[in-house]
> 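Encoded as structure tokens, here's the structure I'll be asking about.
Since the model is a prediction, treat every value here as computed from it, not as a measurement. Every chain is numbered from 1 and lettered A, B, ... according to where its sequence line falls, protein lines coming before strand lines.
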Amino acid sequence: MMGYDFKTVEKKWQKQWEETGVFHAKQDFTLPKFYCLVEFPYPSGQGLHVGHPRSYTALDVVARKKRLEGYNVLYPMGWDAFGLPTENFAIKNHIHPAEVTKQNVAHFKEQLQSLGFSFDWSREINTTDPKYYKWTQWIFLQLFKKGLAYKKEMAVNWCTSCKCVLANEEVVNGVCERCGSEVVRKVKSQWMLKITEYAQRLIDDLDDLEFIDRVKTQQRNWIGRSTGAEVDFVATTGDVLTVYTTRPDTLFGATYMVVSPEHPYIEKWADKLENMDEIRAYQAEAMRKSDFERTEVNKDKTGVMLKGVKAVNPVNGNEIPIFISDYVLVSYGTGAIMAVPAHDTRDWEFAKKFGIPMVEVVKGGNIEEEAFTDCATGVMVNSGFLTGMSVEEAKEAIKTWLEENNKGKTKVNFKLRDWVFSRQRYWGEPIPLVNCEKCGWVAIPESELPLELPEVDSYEPTENGESPLAPMTDWVNTTCPCCGGPAKRETDTMPQWAGSSWYFLRYCDPHNDDALASKEALEYWAPVDWYNGGMEHTTLHLLYSRFWHKFLYDIGVVPSKEPYAKRTSHGMILGENGEKMSKSRGNVVNPDDIVNEYGADTMRLYEMFIGDFEKAAPWNSASIKGCRRFVERFWNLQDIVVDGDGYRESLEASFHKTIKKVTEDVDNLKANTAIAAMMALLNEIADTGSITKGEYRTFTLLLNPFAPHVTEEVWSVMGFGGVVTDQKWPAYDEEKCKENSIEIVAQINGKVRAKLVVSADIESDEAIAMAKADEKIAEAIDGKTIVKELYVKGRLVNIVVR
RNA sequence: GCGGGUAUGGUGGAAUUGGCAGACACGCAAGAUUUAGGAUCUUGUGCCUCACAGCGUGCAGGUUCGACCCCUGUUACCCGCACCA
């Protein structure tokens, strides 16, 4: 037998799969469907990374198995191609970003195809294709029309060297990710999407989803729901200063207040404040600091007292001072807090530094040492009508009091902020709005979609931080669709997250020009049955797309409340040294090299075998040989084939057990142990010196989802008929998984002393009797008192002696 | 600081969820075959032992006939968030 020529064989089958379109999802909506999805890649210039195939292979195995099980499977692929690296490459090399994208996509596609993934390439999509982003823009317009898109002045990150606005993700440790220059705050007008309006539903609906727990937890924490109360303090100016607190029970202990440096009352009170110079200096200082600096100085509290104005604690009438400090954020709650130094760590630090008195209102700690923040054990003291209550009782009592006396109310707050949706960049979807002096912001007619990106002379961001589209006056100047008067187009573009927020819907019906997808296609395919992707997208892409999907559900475009029924996440593939793979560390493994040297099947098997799918795993170029040997040993079974349709008696139980194991493991994302089971079965077969045709046939089917090329070739060479992709997944019989006789262990006081071969259905009494009859056991219990005897079915006998 | 997670042979990792710890694979050792081998095959391989026995899942306790698994405490590392009142 010749050695296995993977290079020829793999190319041959890849070509045939493409030509016959075997992996195209069927248009027959009466079949049971299975939609499995992996995150579509950003086609970077570096090409595919060995991390990509881990996710793609895992769901390819699922997709291939589901097809064999009779499902109509949709396993699509596409390109999330808008984005900064492409734009920067285009700027540097004076090539149009669309051209760069085209080249990168071609490279990626070739790499993906060399790995033999069963993607339905007839449904390939690209977020930069105007036919695609027409619908991204359409969704934005619906959001705008429902009042969920709004423009707001806000502080953004501004790179002093690139002279451009950066997304939060592009600011790393306070400096620009690209050039390492200082990033400062700059106030600009930005489009925002009201994701906060969906905060509660985004939390509640997680309950019904089959997402792995850490994804659910991370989303819940990110959305950050808290319940507390808003309390109105009245300032000596007569103004009501409202605060948000989760500890209204400690109201009697509020000995001062803090407002954020940006709080509007400061300007309002300007003529009453005696130390306005000092206050302005502090404000200027806070303004100049980036978010990073503001949070970095975390340890040392700073602030200035507002002299000339005080506030009254509504529950006891005490006059208390007001401070400004940057530890209070404008963007959360009301931008003002009541400070209870005895029971809040931050307030405690601030009060110690500024010599503000503390009042203990919850007994149980030592407030001289540190703030006592425990809610579970304390008892209320020094708190008027709350005294003697537990913290939980006090919370309820004070809320009732606040509402009855019209001094506050119960309130829920979220950490989640609205989504900053503008980018001053070229390579993104144009925002389809115009600004008219008379009518304000107006949507362009849907008939004018897609609003295509114009050709520009330069993709460089401009000096003043405006989009590269801004100087394109021909394009910018237009007429108002509303009044026909002169108007200007929005020149900001959408962020990279826009196109990926709904792409899974487009796959259902990717060539539809009349809708983002047909109703029938959406009814049939939605929701995605299984979505796998990286943990790093949990609080961005995954949350954004759930938000868009819920909105589309609300306006009747999609039939399901949630986009994804199940979400799993793969661990990273690390470099050989156990560190994250990166160019700068020099530990990057190129998948092309692996495919060249070992073949796609080996690469696929190795990535699945490397370890627990959910955990990070270091690449090991020595271990991969084991998978190559497995492929070759499987191929070489041809040398020992004998006639016979079924399983030989000695192997029957092993076959049934292995089929069961592989079937269940694939569904549970445990390909590593599925492969181990197949390796073990192969070893067992090899020990017999032969394999029947029937056994080889089953083995080939089992291995096919993991190693599609070599199995297809064996199927063909052995003349099993047709192609593997048209076959049925092998069945197992639970009864036949059981061996007739099994080995159990006999223990004395929990320590193994002997092994017994017994009939599988042996009863307790008999097993214990057999154990006692064993020479070693008899010796061990001789002269001792038997305290207890037990038999664990199919496992062991344990005799406890004294 | 808060939240989530991890710790098992020389290495990657298994362990039916409380029941033989180390499946499967890499590596290593010995042997076979080969002109040769970074190819293939066979055998062995947790530690300590000639052997019986003993010891062993980060560390210290506990519960149990029995603990990698449950409980208490503790250490180290990884990931996410980070003054969210």
> In terms of the nearest nucleotide of RNA chain B, which residue is placed more toward the 5' end: A:R214 or A:E743?
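Mapping each residue to its closest nucleotide by heavy atoms, the 5'-most match is A:R214.
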
> Classify the nucleic acid contact of A:T539 as base, sugar-phosphate or nothing, counting any heavy atom under 4.0 Å across all strands shown.
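Nothing, no nucleic acid heavy atom in range.
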
> When the P atoms of B:rA21 and B:rA67 are considered, how many whole Å apart are they?
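Per the computed distance, 10 Å lies between those P atoms.
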
> Between A:Y256 and A:F350, does the ring centroid distance fall short of 6.0 Å?
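Aromatic pair counts; centres sit under 6.0 Å.
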
> Tell me the interatomic distance from A:R795, atom CZ, to B:rG19, atom C1', rounded to whole angstroms.
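After rounding, the reported distance stands at 7 Å.
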
> Within the distance-only criterion (no hydrogens, no angle test), does the side chain of A:W348 pair as donor or acceptor with the backbone N or O of A:I367 below 3.5 angstrom?
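Yes: the side chain of A:W348 pairs with the backbone of A:I367.
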
> Quote, to the nearest angstrom, the P distance that separates B:rG3 from B:rU74.
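Going atom to atom, P in each nucleotide, I get 14 Å.
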
> Check every strand shown and say whether A:K755 touches a base, only sugar-phosphate, or nothing at a heavy-atom separation below 4.0 Å.
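If one applies the 4.0 Å heavy-atom cut-off, A:K755 turns out to touch a base.
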
> Is the ring centre of A:F630 less than 6.0 Å from the ring centre of A:F634?
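Not under 6.0 Å, so no.
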
> Take the protein atom CG of A:L543 and the nucleotide atom C1' of B:rG80, then report the distance between them rounded to whole Å.
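In whole Å, B:rG80 C1' lies 14 Å from A:L543 CG.
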
> Considering Watson-Crick and G-U wobble pairs with both distances under 3.5 Å, what does B:rA32 pair with?
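Pairing partner: B:rU40.
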
> Can you tell me the base-pairing partner of B:rC50? Count Watson-Crick or G-U wobble geometry only, both distances below 3.5 Å, and say none if there is no partner.
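B:rC50 is unpaired by these criteria.
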
> Quantified in whole Å, what is the P atom distance between nucleotide B:rG37 and nucleotide B:rG19?
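Those two atoms are separated by 48 Å.
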
> Return the pairing partner of B:rG19 with a 3.5 Å limit on both distances, Watson-Crick or G-U wobble; otherwise return none.
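Pairing partner: B:rC65.
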
> What pair of heavy atoms forms the shortest contact from A:R225 to A:I203, and how long is it?
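Heavy atoms only, the tightest pair is CB-CD1, 3.7 Å.
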
> Rounding to an integer number of Å, can you tell me how far A:R225 CZ sits from B:rA85 P?
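About 12 Å, once rounded to whole Å.
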
> May I have the distance from A:N668 (atom CG) to B:rU17 (atom P), rounded to whole angstrom?
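The distance from CG of A:N668 to P of B:rU17 comes to 13 Å, rounded to the nearest Å.
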
> Could you check whether A:S621 and A:E576, counting side-chain N and O atoms only, form a donor-acceptor pair closer than 3.5 Å?
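The criterion, which ignores hydrogens and geometry beyond distance, is satisfied for A:S621 and A:E576.
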
> Answer with base, sugar-phosphate or nothing: what part of the nucleic acid does A:A616 contact at a heavy-atom distance below 4.0 Å?
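Touches sugar-phosphate only.
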
> Using a 4.0 Å heavy-atom cut-off across all strands, classify A:Q747 as base, sugar-phosphate, or nothing.
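Counting heavy atoms under 4.0 Å across all strands, the contact made by A:Q747 includes a base.
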
> If we count only N and O atoms by modelled type, under 3.5 Å, do the side chains of A:Y327 and A:T302 hold a donor and an acceptor together?
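There is no such pair (donor and acceptor under 3.5 Å, judged by atom type) between the side chains of A:Y327 and A:T302.
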
> Reckon A:K751 has a side-chain N or O less than 4.0 Å from the OP1 or OP2 of B:rC55?
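For B:rC55, OP1/OP2 do have a side-chain N/O of A:K751 under 4.0 Å.
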
> Output the rounded distance in Å from CD (A:E349) to C1' (B:rC83).
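Taking atom C1' of B:rC83 as the reference, CD of A:E349 is at 9 Å.
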
> Between B:rA14 and B:rC24, how many Å separate the two C1' atoms, rounded to a whole number?
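It works out to 7 Å between them.
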
> Which residue pairs satisfy the side-chain hydrogen bond (donor to acceptor under 3.5 Å, both in side chains) criterion with at least one member in residues 668-677 of chain A, sequence neighbours excluded?
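Every pair satisfying side-chain hydrogen bond (donor to acceptor under 3.5 Å, both in side chains) with a residue in residues 668-677 of chain A: A:D665-A:T673.
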
> Using a 4.0 Å heavy-atom cut-off across all strands, classify A:D612 as base, sugar-phosphate, or nothing.
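Result for A:D612 = sugar-phosphate.
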
> Categorize A:R753 for me: base, sugar-phosphate, or nothing, with a 4.0 angstrom heavy-atom threshold over every strand shown.
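A:R753: backbone/sugar contact only, no base atoms under 4.0 Å.
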
> Taking the P atom of each, how far is B:rU72 from B:rG4, in whole Å?
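Straight-line distance between the two P atoms is 14 Å.
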
> Considering only atom P, compute the distance from B:rC50 to B:rG5 and round it to an integer number of Å.
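Looking at atom P only, B:rC50 and B:rG5 are 46 Å apart.
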
> Test for a donor-acceptor pair under 3.5 Å between the base of B:rC81 and the side chain of A:K415, counting only N and O atoms.
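No such pair is found, so the answer is no.
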
> Say we look at B:rC68 and B:rC55: how far apart would their P atoms be, to the nearest angstrom?
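One P to the other, the span is 13 Å.
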
> Identify the nucleotide, in any strand shown, that forms a Watson-Crick or G-U wobble pair with B:rG27, with both distances under 3.5 Å; if there is none, say none.
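By the stated definition (distances under 3.5 Å), B:rU45 pairs with B:rG27.
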
> Measure from the side chain of A:Y332, starting at C-beta and using heavy atoms only, and say which of B:rC65, B:rA85, B:rC83 lies closest.
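So the side chain of A:Y332 is nearest to B:rA85.
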
> For A:N798, report the nucleic acid contact type (base, sugar-phosphate, nothing); a contact means any heavy atom under 4.0 Å.
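Base contact.
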
> Can you measure A:L540 atom CG to B:rG80 atom P for me and round it to whole angstrom units?
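After rounding, the reported distance stands at 12 Å.
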
> Going by a 90° cut-off around 0, is B:rU64 syn or anti?
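Chi for B:rU64 falls in the anti range.
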
> What nucleotide among B:rC81, B:rA85, B:rG19 has an atom nearest to a side-chain atom of A:L790?
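Ranking B:rC81, B:rA85, B:rG19 by closest atom to the A:L790 side chain puts B:rG19 first.
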
> Looking at every strand, decide which applies to A:I610 at a 4.0 Å heavy-atom threshold: base, sugar-phosphate, or nothing.
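Since only primed, P, OP1 and OP2 atoms lie under 4.0 Å of A:I610, the category is sugar-phosphate.
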
> Among B:rC81, B:rA85, B:rU6, which nucleotide sits nearest the side chain of A:D344?
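Between B:rC81, B:rA85, B:rU6, the one nearest the side chain of A:D344 would be B:rA85.
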
> Calculate the interatomic distance between A:W619 atom CH2 and B:rG13 atom P; express it in whole Å.
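Answer to the nearest Å: 14 Å.
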
> Look at the side chain of A:T217 and decide which nucleotide, out of B:rG80, B:rG4, B:rU6, has an atom nearest to it.
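Within the option list, the nearest is B:rG4.
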
> Please figure out whether A:G335 or A:R628 has its closest RNA chain B nucleotide nearer the 5' end.
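On the 5' side of the pair lies A:R628.
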
> Suppose we define a pair by two distances each less than 3.5 Å, Watson-Crick or G-U wobble; what does B:rC2 pair with here?
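Pairing partner, where one exists within any strand: B:rG80.
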
> In plain terms, say whether A:R247 and A:D347 are close enough for a salt bridge, that is, a side-chain N and a carboxylate O under 4.0 Å apart.
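No, this pair does not count.
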
> C1' atom, B:rC41 versus B:rG46: distance in rounded Å?
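Each nucleotide's C1' atom is 26 Å from the other's.
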
> If B:rA85 has a Watson-Crick or G-U wobble mate with both distances under 3.5 Å, name it; if not, just say none.
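Because no pair has both required distances under 3.5 Å, B:rA85 counts as unpaired.
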
> Does B:rG66 count as syn, meaning its glycosidic angle lies within 90° of 0, or as anti?
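Classified anti.
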
> So do A:H570 and A:E614 actually touch side chain to side chain, heavy atoms under 4.5 Å?
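A side-chain contact under 4.5 Å is absent here.
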
> Within this structure, what is the CD-to-P distance between A:E789 and B:rG66, rounded to whole angstrom?
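From A:E789 CD to B:rG66 P: 16 Å.
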
> What is the per-nucleotide protein-contact pattern of nucleotides 22-31 of chain B, from the 5' end, where B denotes a base atom under 4.0 Å from a protein heavy atom, S denotes such proximity for sugar-phosphate atoms only, and - denotes neither?
-BBSSS----

> Are A:M678 and A:F699 close enough, and set up right, to give a side chain to side chain contact (heavy atoms under 4.5 Å, CB included), and what steps lead you there?
CA-CA 8 Å; A:M678 288 188 283; A:F699 203 103; 4.2 Å; yes

> Quick check: does any side chain N or O of A:D344 sit under 3.5 Å from a backbone N or O of A:V340, one acting as donor and the other as acceptor?
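No.
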
